[in-house]
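What follows is one structure encoded as structure tokens, with my remarks underneath.
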Amino acid sequence: MLKPSLSDGPSNKSRRIVIVGGVAGGASCATRLRRLDEHADIVVFERGPHVSFANCGLPYYVGDVIKEEEKLLVATPELFRTRFAIDVRPMHEVLRIDREKQTIEVKRRSDGTTAIESYDKLVLATGAAPIRPPLPGIDLPGIFAIRTVPDARAVRAWIDERKARHALVVGGGFIGCEMAENLHQRGIKAHMVELAQQIMPPFDPEMALAGETSLRKHGVDVSLGVRVDSFAQNGERLSARLSDGTVVETDLVILAIGIRPESGLARDAGLAIGTEGHIRVDGAMRTSDPNIYAVGDAVEVNDVVTGNIAHIPLAGPANRQGRIAADTLCGRSSRFRGLQGTAVCGIFETTLAMTGETEKSLLRRGITDYSVAHVHPGHHVGYFPGARPMHLKLIFRLSDGRILGAQCSGEVGPERRIDVIASFIQMRGTVFDLEEAELCYAPQFGAAKDPVNMVGMVAANAVRGDVVLAAWVNAEASGAVLLDVRDADEIKTPLMPGILNIPIAELRDRLDELPRDRDVWVTCAVGQRAYNATRILRQHGIRAVLLTGGARTLAALRGARVTQSPT
């Protein structure tokens, strides 16, 4: 560990460090550089009008939750100059890099004039741009993407001037869901179109269902498994033709179908580029040119859990990458440890949060050495008023208990639980760490067994061999006897054809009704009674298996239209 000294002493040489792009990665790199090197000549060129702004707040500015545009501006060029002695030049676009001469060509966008600027070290923080597919009518007025403050300003102006009452949101990911909510806040009816069979595609389907339910509850129309084929002008309005033949008449369109890395500058300079167009960097954020670094949404890095290449555009990692590039430029041995995709989204009253791998991502990579635990606890103890249920899913390696990922949905507290699990993933923790985690407890905040502890206990029991976990998607094809141990008055309709019902209170007296030559897959409402039942049955020589998450998880899978393992 580096120990701070009372004085770092003067720099031996004044260097010119040029940063292309601001916002998260570039701005954090610049200010970190200044704190480490008082004598460096630091220049930031930013193509847009704002060098450091809160792009994650843009949907809420559209929704008038954030009422003043100035609140989105994290730092101004004046602040960079007076506080950090950094030369920030907005509305300056870098056109090309001459690696041999160590110069860049810069265009001043206000008048189109160009100049050549030299550098000793160059940092690319060029970010990413919204995807605008080449559809008929895509460039019609009223079709927007939200990436910058001027983008959000233009949407607000369009809504106000046209007195918009309907909007089509193309894409059901983080930005799409946030935009749908914020348009609703403005009194605008939203219709969301998503090509996947679920909203929030990074999540597993059953975990995203709570968000879809919340959208529909608040009057958002949701069309899944369809795409937009074309746009057309229809008087003062726009019409969008969907792939299922539906035509949607609307006042404006928000494109939220993803982003692509802005790596053209690096590619034209001959820097190494990954297969999906991102700039390749090492752990110190160096590109294939030792004098050029890159950070943020334009780069590819490693996935913390699997070690595979990852591209996850998040502000937190971009900030850390900027700091690490600055450290490296100042001779420190910092390394970026990789991404794990910790993220959260609020959709009306529902919160969806995730970290690490999902079942979809693991199966896409052909990884099958994992197991899953589902729990449905309250966010605090049930006896204290106001407890709200949550659905917490843990993915872990059965062979050694290593935590691979987690997802959580609910009205209160999902982000807190995912933050805890994310920290354990960062430390290469196991389900036994979750089981033993000492977390805050008071009746209004949690429980003596926090949901993190509970899901850790379920998973740890499986790793120890105290219980065998099974997934509902495999139930019908398993050939097992299915057993529901809820009380008879709880069951309105059998969960599956042919399922037996033996209440847990009667189980010891009715063991002879169960076979000893077949597996018995056990369920209840959320899994707790079923676990107790499997322990009874296993100690009586019956091959009991726990259907993780109980009837509540089955309902989520059915609601999300999952009939087989996610792929």
Side-chain angles (χ1 to χ4, degrees), residues 171-174 176-177 194-215 222 224-225 303-306 308 310 312 314 339-347 350-377 389-398 402-410 414-415 417-418 421-422 425 431 434 451-452 455 458-459 462 469-475 526-527 547-567:
F174 287 85
C177 287
E194 167 56 52
L195 182 59
Q197 294 293 335
Q198 62 172 91
I199 68 161
M200 300 297 289
F203 286 75
D204 287 327
E206 79 277 19
M207 301 306 299
L209 178 64
E212 179 189 336
T213 301
S214 190
L215 288 170
V222 180
L224 300 174
D303 181 292
V304 167
V305 178
T306 66
N308 292 324
I312 305 175
L314 294 169
L339 291 169
Q340 64 191 67
T342 305
V344 63
C345 184
I347 307 175
T350 300
T351 300
L352 301 181
M354 68 184 300
T355 188
E357 300 298 317
T358 62
E359 278 197 87
K360 292 196 300 185
S361 64
L362 291 173
L363 292 172
R364 201 161 45 234
R365 294 177 178 135
I367 298 172
T368 57
D369 177 21
Y370 73 88
S371 189
V372 172
H374 290 267
V375 296
H376 301 272
M390 64 175 63
H391 183 176
L392 177 56
K393 177 179 185 177
L394 183 73
I395 304 170
F396 59 98
R397 200 157 57 196
L398 193 58
R402 185 184 172 193
I403 308 163
L404 302 180
Q407 299 158 68
C408 192
S409 65
E415 72 290 344
R417 274 68 190 195
I418 292 300
I421 296 173
I425 290 177
V431 298
L434 301 184
V452 169
V455 79
V458 173
L469 299 178
W472 276 105
V473 291
N474 300 320
V526 296
L547 279 160
T548 180
R552 194 167 296 174
T553 294
L554 176 60
L557 288 163
R558 284 175 170 166
R561 299 160 292 277
V562 177
T563 57
Q564 58 185 6
S565 295
T567 56

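Throughout, residue positions are numbered sequentially from 1 according to the sequence presented.
When all heavy atoms of Val305 and Gly356 are compared, the closest pair comes out as CG2-CA, 4.4 Å. When every heavy atom of Ala343 is checked against every heavy atom of Leu314, the shortest pair comes out as CB-CD2, 4.3 Å.
At a threshold of 4.5 Å between non-hydrogen side-chain atoms, the residues Cys177 and Met200 count as touching. Between Glu206 and Val473 the shortest side-chain heavy-atom distance does not fall below 4.5 Å. Under the 4.5 Å side-chain criterion, counting only non-hydrogen atoms from C-beta, Thr553 is not in contact with Thr548. Looking at Thr350 and Thr213, their side chains never come closer than 4.5 Å, going by heavy atoms from C-beta outward. When side chains are defined from C-beta on, Leu434 counts as touching Leu394, because their heavy atoms get closer than 4.5 Å. Here the side chains of Leu224 and Glu212 are in contact, with some heavy-atom distance below 4.5 Å.
With rounding to the nearest 0.5 Å, the separation of CG in Leu209 from CG in Leu352 is 10.0 Å.
Considering only residues two or more places apart in sequence or on other chains, Ile395 meets the side chain to side chain contact (heavy atoms under 4.5 Å, CB included) condition with Asp204, Glu359, Leu362, Tyr370, Val372, Lys393, Leu404, Gln407. Under the ring pair (Phe, Tyr, Trp, His ring centres under 6.0 Å) criterion, His391 pairs with His374, His376, not counting sequence neighbours. Residues satisfying the salt bridge (charged side-chain N to carboxylate O under 4.0 Å, His left out) test with Arg397, not counting sequence neighbours, are Asp400. Applying the side chain to side chain donor-acceptor pair (under 3.5 Å) test to Thr358 and every residue at least two apart in sequence or in another chain returns Ser361. Residues meeting the salt bridge (charged side-chain N to carboxylate O under 4.0 Å, His left out) test with Glu194, sequence neighbours left out: none. Taking Ala462 as the reference, Phe396, Leu398, Val467, Leu469 meet the side chain to side chain contact (heavy atoms under 4.5 Å, CB included) condition, with sequence neighbours excluded.
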